[in-house]
2 protein chains.
Amino acid sequence: MNASGKTASIKDVALAAGVSVATVSRVLSNGPVSEALRKRVEDAVRATGYRPNLSARRLRSQHSQTIGLVVSDIRNPFFTAVSRAVEDAAYRAGMRVILCNSDENPEREELYLRLMQEERITGLIFAPTCATLDRLDTLDLDFPVVLIDRNAPTARHDAVVLDNPRAAAMLVEHLHAQGYRRIAGLFGNTSTTGQERYEGYRSAMSARGLAPAARFLAPYADAAEQAVVAWMAEHDRPEAFIVSNSLFLMGVVKAARRLKLPIPDGLAVAGFDNEPWTELVGPGLTVIEQPVQDIGQSAMALLFERLEAPDRPRRRLVLGGTCIVRGSTAARMADAD
Amino acid sequence: MNASGKTASIKDVALAAGVSVATVSRVLSNGPVSEALRKRVEDAVRATGYRPNLSARRLRSQHSQTIGLVVSDIRNPFFTAVSRAVEDAAYRAGMRVILCNSDENPEREELYLRLMQEERITGLIFAPTCATLDRLDTLDLDFPVVLIDRNAPTARHDAVVLDNPRAAAMLVEHLHAQGYRRIAGLFGNTSTTGQERYEGYRSAMSARGLAPAARFLAPYADAAEQAVVAWMAEHDRPEAFIVSNSLFLMGVVKAARRLKLPIPDGLAVAGFDNEPWTELVGPGLTVIEQPVQDIGQSAMALLFERLEAPDRPRRRLVLGGTCIVRGSTAARMADAD
DNA sequence: GCGGCTTCTGAAAACGTTTCCAGTTAGATG
DNA sequence: CATCTAACTGGAAACGTTTTCAGAAGCCGC
């Protein structure tokens, strides 16, 4: 505070130290200043309780030192983990992060993209919906974008994604090896991720002479629960489900419980995202673990590389998942239902 | 972009529309401008692709329209839920949110508090560690602070908290009514929340003539798992555990599994935070549900009221929790171990 | 037709920084 | 002792806005 009760500015510090504002600025940015003055200024900074004003600094230096991160839902532990990794990497590089939830809603995405422009962010890490992904190229944003979790082959942006087709295929392989044949799939209908996982599922099924049977759902546990309950009442009830996210995993478990079907004997299930609780549910749930830490760090790395070399050709980083086998896909008992 | 390839500024718009920058500014803020000029300016905004620069705007208007939110760990679903509520309320009021993770680390808290000052935030919503809480009064921040989840009776800040003693007592009551007597407690050692829950536990136990037996742990699932495993090897092994957060809940479930103790017959357990998965683990876990939505919204409400009336006396909002009874605390079987 | 309104508009100052440029000083060199 | 350099310092411009202030119209009633 200065005499007038307002927050101290660099002028107040300069006045207190008996130097010019230029000198104060230099002290703060480790510029060339004599020891004597530096000391005086530092004392004045302490005395006044001065804190630099980031808005002014950003305006003048034309550098926001800020990166944007737009995810579809921060409550999804996959995104919380990724955002932690991104933030840690950003802070290590002396940058701030602005985190936003799109809720899988293209309008909110648009809103936040506009916000990012107004904040003059240095770069964006983005998990877009299909709708926004399609028109991303037409948007001409004035910062580089790295896509995470989702991406289209056509987009011209850098991206870090899981090898979704392969991961889904791993689940099919595993279930097949365990003796399951009627393997159904539930996939999210808002992102490319669901589509890619479906593709992997479909081709792995076909390759084994099995008939794929998939449904696409809105990303809520309830949707999955209802779908499973309905499906299990049909003629060719599945022996196992492959689901494309952890919400669906919950839905399937709930449905099994409601239908009094034991896991895995009544109904096997495998899915994505190795969240802590998947180990604790029933006999443990078989899942694909994504390298969340790596995804976040790599996204930042790609972003920094892009900032240094704006014209280098686009790069996609495809990371492999790990199949964590648990009791929910134990070998199928030979029965004849 | 203007001719020189840089992002368009208000000057470029003014030039394109053939008006002064003042007029452009007035159009953007719905000031008094004739229809003819308004139209010309709006066209020019579109033509130039102009986006206001928030740093400049904030600097000039001396109003950041930003609130800070510092939580201990965004991966904790309690805080994710609260932060969603805060953000939604903030955006509805036309404000931005800066979200930071302290990791229960006082140094990071200090770092972020400094950042908040430099961002010139309008107000802060904060879940501090004990260490920072103790010296919060000495810090003289130049924005109002609303504490959430944690607070000390001595602090002079507004706060929104769960009725922790009552909630913990509810769990004791419930376990007692179900026939449990040797009820142990595991509480977090970094926050006042753990202490308050311990107090409720202790006095409810004493009131029933039961001997409290509590341990304080670092907030990790592993810590709880190890504590339980060790404790169950001791002479007076507990029949039930009350734990103060969902990480400990996981730890207890893991320990029970490792020790091959069925829940609840071998070991009953009850805890805090009604996360989706608690319903799915074993026979379902009995928990206290916190009104997370309400906590976030109320924190924002308290903050806005404080901004309007800086001198009104401090207010604490104490919200009640709901006890969700599930199988993990089913009536104790009469045995004689 | 003229003073007194209202209504709109533009020039310019200000917000708190950084940075360019021009001094000033002190020390080294001739 | 005069000059040249190196090292430091301060004045002032600039970043992109908002806002104050004063001027320029247009309109009213007399």
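In what follows, chains carry the letters A, B, and so on, assigned in the order in which the sequence lines appear, proteins first and then strands, with residues in each chain numbered from 1. The analysis underlying the following values was restricted to heavy atoms, covering all of them including side chains, and did not include hydrogens, waters or symmetry mates.
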Ion pair present between A:R57 and B:E118, side-chain N to carboxylate O less than 4.0 angstrom?
-> no

Is it the case that A:T66 and A:E119 place a side-chain donor and acceptor less than 3.5 Å from each other?
-> no

Only residue of B:E107, B:R108, B:E109 satisfying side chain to side chain donor-acceptor pair (under 3.5 Å) with B:T132 is B:E109

Locate the shortest heavy-atom distance separating B:G94 from B:Q65; write the atom from each residue and the value.
-> O-CB, 4.2 Å

Rounded to whole Å, CZ of A:R58 lies from C1' of D:dT17 at a distance of 15 Å

Rounded to the nearest angstrom, tell me the gap between atom CG in B:N30 and atom P in D:dT18.
-> 12 Å

Write down the distance between CG (B:D12) and C1' (D:dT17), rounded to a whole number of angstrom.
-> 13 Å

Determine whether the aromatic ring centres of A:Y112 and B:Y91 lie less than 6.0 Å apart.
-> yes

Once base and sugar-phosphate atoms are separated, protein heavy atoms under 4.0 Å mark nucleotides 9-19 of chain C, 5' to 3', with B, S and - as BBB-BBBBBBB

